[in-house]
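Remarks on the structure that follows.
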Amino acid sequence: VIIQQSVFYFISGYGLMYGLLHKENYLHGFLRKRLIAVLLPYWIVNAAFIVVRLMQGESFKTLDVVLSFLGFDTVVGTWFVTSILIMYLLFWITFSLCGKLRWNENVGLIILTVSVLIYCVCCYAIGLHTSWTASIGTFLFGCCFYKFKDRLEEWFREKWIVKIVMATSVFLLLFVGRLG
């Protein structure tokens, strides 16, 4: 499961950075599109799970059900949806701010990295399971990979064996390291 989450986060970060750099007005309507695309199916599936579990004889506090629909991992175990929505929100806030202040994407990536680290510290501080943060680094890696892919490809052309070993090590650290 960790590998699938890591791959999803990487592809999300890569795709968001692609959109930011290649599509005009990419951030206009960004949150609305993503919230609808993620939350509507989430709520439908969440409701179905709750109904099935109620039919199986489980009982839930009303507050737990409400928190579950707000994306908190209390009834169904859907932390992943909340986590990716937080990444989308941080991405939008960061690059909207950078656009207004006329900062470039490199500054945005630094701000996004700090924001994601703060998110991880907050998750740890409130006692959330490590699954909330274990694969988040791959989201940042996807953003950075797209932003610097031309430089990375050029860099890999020289002494590629050493660099493949290094890249594989980073992959193992980010994607697989938590399995042990």
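In what follows, every heavy atom counts, from backbone to side chain, and hydrogens, waters and symmetry copies are set aside.
Heavy atoms of other residues, nucleotides or ligands lying less than 6.0 angstrom from CD of E154 number 12 at most. Within a 6.0 Å radius of CD in E153, more than 12 heavy atoms belonging to other residues, nucleotides or ligands are found. No more than 12 heavy atoms of other residues, nucleotides or ligands lie within 6.0 Å of CZ in F145, so this atom counts as exposed by the packing criterion.
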Item to check | ring-ring contact (aromatic ring centres under 6.0 Å, His included) between F80 and F8, intermediate numbers included | outcome: CA-CA 11 Å; F80 186 74; F8 178 78; 5.4 Å; yes
Next on the checklist: Run the side-chain contact (heavy atoms from CB on, under 4.5 Å) test on K147 and N106 for me, step by step, so that the C-alpha distance in whole Å, both residues' side-chain angles and the decisive distance to 0.1 Å come before the verdict.
Outcome noted: CA-CA 8 Å; K147 172 69 173 124; N106 296 342; 3.0 Å; yes
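In this structure, V52 is not a member of the same hydrophobic cluster as M55, with clusters built from ILVMFWY side-chain heavy atoms closer than 4.5 Å. In this structure, I136 is not a member of the same hydrophobic cluster as V121, with clusters built from ILVMFWY side-chain heavy atoms closer than 4.5 Å. V114 and V116 end up in different hydrophobic clusters when Ile, Leu, Val, Met, Phe, Trp and Tyr side chains are linked at under 4.5 Å. By the criterion of side-chain heavy atoms lying less than 4.5 angstrom apart, applied directly or through intervening Ile, Leu, Val, Met, Phe, Trp or Tyr residues, Y124 is not grouped with Y119; the two fall into different hydrophobic clusters. Note on L21 and L90: same hydrophobic cluster, where clusters join Ile, Leu, Val, Met, Phe, Trp and Tyr whose side-chain heavy atoms are under 4.5 Å apart, directly or indirectly.
Membership of the apolar cluster around L101 extends to L97, W103, V107, I111, as traced through chained side-chain contacts below 4.5 Å between ILVMFWY residues.
In terms of the side-chain hydrogen bond (donor to acceptor under 3.5 Å, both in side chains) criterion, Y88 has no residue partners (sequence neighbours excluded).
Annotation for C143 and M17: closest pair O-CG, 3.4 Å, computed over non-hydrogen atoms. A pairwise comparison of heavy atoms in Y9 and S83 identifies OH-OG, 2.7 Å as the closest pair. Of all heavy-atom pairs spanning T138 and S6, the tightest one is OG1-O, 3.1 Å.
One distance of note links CD1 of I110 with OG of S115; it measures 11.5 Å at 0.5 Å rounding. Here T82 contributes atom OG1 and L39 contributes atom CG; the two are 8.5 Å apart, rounded to the nearest 0.5 Å. Interatomic distance, SG of C98 versus CG of L27, reported as 10.0 Å (0.5 Å rounding). One distance of note links CD1 of I164 with OG of S169; it measures 11.0 Å at 0.5 Å rounding. Of the inter-residue distances, the one linking E58 atom CD with F49 atom CZ reads 12.0 Å to the nearest 0.5 angstrom.
Under the side chain to side chain contact (heavy atoms under 4.5 Å, CB included) rule, E105 has a single partner from L20, L112, T94, which is L20.
In this structure, F30 has its ring center under 6.0 Å from that of F91.
With contacts defined as side-chain heavy-atom distances shorter than 4.5 Å, the pair Y42/L85 does not qualify. In this structure, R34 and W92 have side chains that are not in contact, with every pair of non-hydrogen atoms separated by 4.5 Å or more.
Ring geometry for Y146 against Y14 counts as perpendicular: the plane angle is over 60°, on a 0 to 90° scale with 30° as the lower cut.
Between the side chain of S68 and the backbone N or O of D64 there is no donor-acceptor pair closer than 3.5 Å.
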